[in-house]
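If you're wondering where the values come from, they're calculated on a predicted model, not measured in any experiment. Naming convention: chains lettered A, B, ... in sequence-line order (proteins, then strands); numbering from 1 in each chain.
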Amino acid sequence: MFNHKEIEKKWQKFWYSNKTFKTSSDDSLPKQFILDMFPYPSGAGLHVGHPEGYTATDIYSRLKRMQGYNVLHPMGWDAFGLPAEQYAIKTGNDPRDFTDKNIATFKRQIQDLGFSYDWDREVNTTDPNYFKWTQWIFKKLYEKGLAEIGYMEVNWCEELGTVLANEEVLNVDGKMVSEVGEFPVIKKPMKQWVLKITEYAERLLNDLDELDWPESTKEMQRNWIGKSIGAKVDFKIKDHDLSFTVFTTRADTLFGSTYCVLAPEHDLVQFITSNEQKLEVEKYIEFAKGKSDLERTELNKDKTGVFTGAYAINPVNGKEVPIWISDYVLSTYGTGAIMAVPGHDQRDYEFAKKFDLEIVKVLDGDISEEAFTGDALHVNSGFLDGLGKEEAIAKMIEFLEENKVGEAYVNYKLRDWIFSRQRFWGEPFPVIHWEDGTVSLVDDKDLPLELPEMDNIRPTGTGESPLANAKEWLEVIREDGVKGRRETNTMPQWAGSCWYYIGYILNEDGYINPESEHGQKLLKKWLPVDLYIGGAEHSVLHLLYSRFWHKVLYDIGVVHTKEPYFKLFHQGMILGTDGLRMSKSRGNVVNPDELVESHGADTFRLYEMFMGPLEGEKPWSESGVDGARRFLERVWRMFEFSECTDEKVLELDKVYHQTVKKVTADYDNLRFNTAISQMMIFVNEVYKIKKLPREYAVGFLTMLNPIAPHITEELNEKLGNDILAYSKWPEYDESKLIESTIEVVIQVNGKVRDKIKVSAKASDDAVKEAALTEKVKSFTEGKTIVKVIYVKGKLVSIVVK
RNA sequence: GCCGGUGUGGUGGAAUUGGUAGACACGUUGGAUUCAAAAUCCAAUGGGGUCAAACCCGUGCCGGUUCGAGUCCGGCCACCGGUACCA
């Protein structure tokens, strides 16, 4: 039995005090930037899911160091956010203390696992020295015209007097209510900072192609960006000097447009509603405010809507068509208005059937039961009659452009990013609103703009953040006597996580100015991130927002790669022993502390990597942990019973070289479970032979070191060698892997019937000949052999009739 | 609902390009060791069938392509992640 407590503490202390894993400033070595998604340090501490990805990157980092790379492998804290805010409001305590305490726990737990982080580069998003640069980037966005104030809809709860996160809103009978108290929640437009990510939509879409990311993640981002090519069409409103624009991908069906629908929030609704309809329209707008987008669109089974009393003029045929409002049209997609073509759009079809609106067939397909949305020749469409879809779309756009009533247009589902939160615990905006109506930014030399000390953080009841109560901080006076008020919104948690990979690079005992010569040198050296591992739950939002900021920084010359993260990998979730997601309420959360205490960090790391493929979801198992420990015990004993000899042990040649080959390839491809099983096979062989040549002993310890760094360093030290952390990665000799005889499977009509051993050098014909064994013949007898297929070195397939 | 994923023995999983399904572990059973036990070492272990073999069945379900399908195609089912203010 080895004493994990002693060994692990000893090596952790050694690495920490020697700064073994400090990033080298040596520019001659090739670099590897290996990054984890940094955690939100919750009050519950680390759970066993966190170290899964961290172990993977740690193995990879240790491998790359031994392969001669200069490795940057840092860790930090995404420490702003909702839970600390809620804790502060509930208890009256300062979120800073709470956050610092949680970080200390997380850090201790992570360090107990022996990860090879360069702790000199630790970042913390709530550290003013860090968020100084978050604010600086915001200023750059503002100066580039990418940050604007606009009225955007938020979840407003009148009773609670506060804006709620989607997470805090429940759906009861299709209505939004607060999680706390079940009070009504409505969509209410409020002044918000908005980042114009849509201006980058096309680049965010196109540059996905050059990334080594899971195809599924790229696909999700593509779908999220949601590019659709179509046209804008202008509709004049009868008896008003007003018009509105719709976006459509099927401009060719314009002759079939028999009504239009505006989103209930559409600006025009108030101007065009007739007196007779006014009451009903207002009632409907109220009704729609209480529904979430999801309920309004995808979950919407029963269409609702109200006629406004106004008519639009169809620009292609001059027909007067009624204008309705309905919640299935969203103000946030396209132009917030649609031309309804009930014959050829299913939602419009359902709506028209329900409200008995005219349906005109303009494509030659069956519309008796449902809308026909395919490609067919046009009918009832004037100059489009007889044309197919593509041709007709092109011709219609030509008509629209010639008559100045529309144009070709590309629409994205991607929406601009609401970048403000009505909260205390976030980065303050470096913005002052002056009483003369102007807005100015805080000067660079006055950054960071820190959060005020507040005795009691509480909601204001007006929808403003608790910062509105911090009078001294809030109110400023300009030299000319004009009064101003600081922005009371704060930035969302995304802000700090959008650029933290850059933070690590710049953090050399304080943050280097990214535009300085030294900062530039560092950024050019380290970017992009070579490997980024984190959960699939970040597939779209974090990764898309972060890519957007990176592109902006690229445009202003701060960074020099188009993309931040070159290779991305998602680790799967670790489930509870019951196969369900770990959660406090289920009581199935496993905390690593007890296991590290009882089994040791090496066992923990080994078990997590052996559980299954990194990307898969896997349930936790106690007995599996014991098995992992048993393997390490077996390794420990292997060095006790086997003579460590300087002689060659020919029986081990093949399995050793196989192991080097497989482990090297598997580590590189993040397939740790199969690498471990190969090392187990090697150990099993040594147990049979009871001899271990020195060269193979060191090679084996080197290979196991990235997974179980403490025990391998200890064994290696006992052998009298220098530390493994920077030793040379073993190489394999292909010639040792060649077999002289091979086993070939013989199939008859696809079923395995016999196996033969043949010389590796045997000719194809000789193998085919040898395949006709007595047993095989009993299956081919009385039948004609139609075909014989030989797959080299693997099988012979005989087809009979 | 929409987008993306997953489904293989009693259990975790392996099979990297269509070529021996179940590597390696866990568990179980048997043996060795021990006064005895734990630990350790060795062996067996998908299901049916058989004294043993032969043989049959088997990768969520239904169908297809192929000499050959866990792998490719079509249609389902179940579960998981995301769905823009949890991050």
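Taking the nucleotide of RNA chain B with the nearest heavy atom to each of A:V799 and A:L82, the more 5' of the two is matched to A:V799. Each of A:E743 and A:V748 has a nearest nucleotide on RNA chain B; the 5'-most of these lies closest to A:E743.
No more than 12 heavy atoms of other residues, nucleotides or ligands shown are found within 6.0 angstrom of OH on A:Y151. The environment of A:K191 atom NZ is sparse: at most 12 non-hydrogen atoms of other residues, nucleotides or ligands sit within 6.0 angstrom.
Using a 4.0 Å heavy-atom cutoff across all strands shown, A:L795 reaches at least one base atom of the nucleic acid. Residue-level contact check: A:P613 touches the backbone only, with heavy atoms under 4.0 Å from sugar-phosphate atoms and none from bases. A:R753 comes within 4.0 angstrom of the backbone, heavy atoms only, and of no base. Using a 4.0 Å heavy-atom distance criterion, A:D666 is classed as a base contact. Within 4.0 Å of A:R671, counting heavy atoms only, lies at least one base atom of the nucleic acid. At a threshold of 4.0 angstrom between heavy atoms, the contacts of A:N669 with the nucleic acid are absent. Heavy atoms of A:L164 sit under 4.0 angstrom from at least one base atom. Heavy atoms of A:V786 sit nowhere under 4.0 angstrom from any nucleic acid atom. Residue contacts for A:E179: at a heavy-atom cut-off of 4.0 Å it reaches no nucleic acid atom on any strand shown. At the heavy-atom level, A:F419 lies nowhere under 4.0 Å from the strands shown. Contact annotation for A:D293: no contact, since no heavy-atom pair falls under 4.0 Å across all strands. Backbone-only engagement by A:S623 is indicated by non-hydrogen atom pairs under 4.0 Å involving sugar-phosphate atoms exclusively. Contact annotation for A:H538: base contact, defined as any heavy-atom pair under 4.0 Å involving a base atom. Counting any heavy atom pair closer than 4.0 Å across all strands shown, A:D78 reaches sugar-phosphate atoms only and no base atom.
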- prompt: Can you list the steps and then say if A:F672 with A:F610 is a ring pair (Phe, Tyr, Trp, His ring centres under 6.0 Å)?
  reply: CA-CA 7 Å; A:F672 304 118; A:F610 189 56; over 10 Å; no
task: Given salt bridge (charged side-chain N to carboxylate O under 4.0 Å, His left out), test A:R296 with A:E265 step by step and report yes or no.
output: CA-CA 13 Å; A:R296 285 174 53 164; A:E265 308 77 0; 2.6 Å; yes
Audit row: A:R671, A:D666, salt bridge (charged side-chain N to carboxylate O under 4.0 Å, His left out) steps and yes/no: CA-CA 5 Å; A:R671 292 189 302 248; A:D666 281 354; 3.2 Å; yes
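Nearest to the side chain of A:S677, among B:C67, B:C85, B:A23, sits B:A23. Of the candidate nucleotides B:C42, B:C85, B:A23, B:C42 has the atom nearest to the side chain of A:Y687. The listed nucleotides are B:U20, B:A15, B:C55; the one nearest the side chain of A:T674 is B:A15. In the set B:C24, B:C41, B:G81, the nucleotide with an atom closest to the side chain of A:M573 is B:G81. Picking from B:A84, B:A15, B:A25 the nucleotide with the shortest atom distance to the side chain of A:R415 gives B:A84. The side chain of A:F610 lies closest to B:C24, out of B:C85, B:C24, B:U20. Nearest nucleotide to the A:N166 side chain, out of B:A84, B:U20, B:A25: B:A84. Nearest to the side chain of A:V752, among B:C86, B:U20, B:C42, sits B:U20. Minimum atom distance to the side chain of A:K751 is reached by B:C57, of the listed B:C24, B:C57, B:U16.
At a threshold of 4.0 Å, the pair A:E52-A:K618 counts as salt-bridged, since one of the basic side-chain nitrogens sits closer than that to a carboxylate oxygen.
Note: A:W193 and A:F429 have parallel aromatic rings, judged against thresholds of 30 and 60 degrees for the angle between ring planes. Classified by interplanar angle (parallel below 30°, tilted 30° to 60°, perpendicular above 60°), the ring pair A:W499/A:Y130 is parallel.
A gap of 25 Å separates the C1' atoms of B:A54 and B:U59, to the nearest Å. Rounded to the nearest Å, the gap between the C1' atom of B:C51 and that of B:C57 is 23 Å. Here, B:G30 and B:A39 have their P atoms 15 Å apart, quoted to the whole Å. Taking the P atom of each, B:G12 and B:G18 are spaced 27 Å apart, rounded to whole Å. The separation of B:C73 from B:U66, taken at their P atoms, amounts to 16 Å, rounded to a whole angstrom. B:U8 and B:G13: their C1' atoms are spaced 9 Å apart (whole Å). For B:G82 and B:U28, the C1' atoms lie 41 Å apart once the distance is rounded to whole Å. A distance of about 15 Å separates the P atoms of B:G74 and B:U65, rounded to the whole Å.
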Report all side-chain donor-acceptor pairs from residues 631-638 of chain A shorter than 3.5 Å, counting only partners two or more places apart or in another chain.
unit_1: A:E633; atom_1: OE2; unit_2: A:R629; atom_2: NE; d: 2.9
unit_1: A:E633; atom_1: OE2; unit_2: A:R629; atom_2: NH2; d: 3.0
unit_1: A:R634; atom_1: NH2; unit_2: A:N684; atom_2: OD1; d: 2.9
unit_1: A:W636; atom_1: NE1; unit_2: A:E640; atom_2: OE2; d: 3.2

Taking only distance into account, with no hydrogens and no angle test, what donor-acceptor pairs under 3.5 Å do side-chain atoms of residues 744-752 of chain A form with protein atoms, sequence neighbours excluded?
unit_1: A:N749; atom_1: OD1; unit_2: A:V800; atom_2: N; d: 3.0
unit_1: A:N749; atom_1: ND2; unit_2: A:V800; atom_2: O; d: 3.4

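Residues of residues 216-224 of chain A having a heavy atom closer than 4.0 Å to RNA chain B, listed by number: A:S216, A:E219, A:M220, A:N223, A:W224. Near RNA chain B, meaning a heavy atom under 4.0 Å away, there are no residues from residues 43-56 of chain A.
Remark: the A:Q747 side chain and the B:G19 base include a donor-acceptor N/O pair separated by less than 3.5 Å. Side-chain atoms of A:Q422 come within donor-acceptor range of the base of B:C85, with a qualifying N/O pair under 3.5 Å. You'll find a donor-acceptor pair under 3.5 Å spanning the side chain of A:S797 and the base of B:C67, going by distance alone. Between the side chain of A:R423 and the base of B:C85 there is at least one donor-acceptor pair of N/O atoms closer than 3.5 Å.
Side-chain rings of A:F569 and A:Y532 stay apart, their centers remaining 6.0 Å or farther from each other. A:Y607 and A:W620 have their aromatic ring centers within a separation under 6.0 angstrom.
Annotation for A:T217 and A:H570: closest pair OG1-NE2, 2.8 Å, computed over non-hydrogen atoms.
Partners of A:W77 according to the side-chain hydrogen bond (donor to acceptor under 3.5 Å, both in side chains) rule, which considers only residues two or more places apart in sequence or in another chain, are A:E122.
Taking the side chain as every heavy atom from C-beta outward, A:F548 and A:L544 never approach each other to under 4.5 Å.
Under the 6.0 Å distance and 45° angle rule, A:R347 does not count as a cation-pi partner of A:Y328.
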message: For RNA chain B, please output the secondary structure as dot-bracket, reading 5' to 3'. Pairs are Watson-Crick or G-U wobble, both atom distances under 3.5 Å; mark crossing pairs with [ ], other-strand partners with |, unpaired with a dot.
response: (((((((..(((......[....)))((((((.......))))))(((......)))..(((((..]....))))))))))))....
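Look at CZ on A:F682: it is 19 Å from C1' on B:A25, rounded to the nearest Å.
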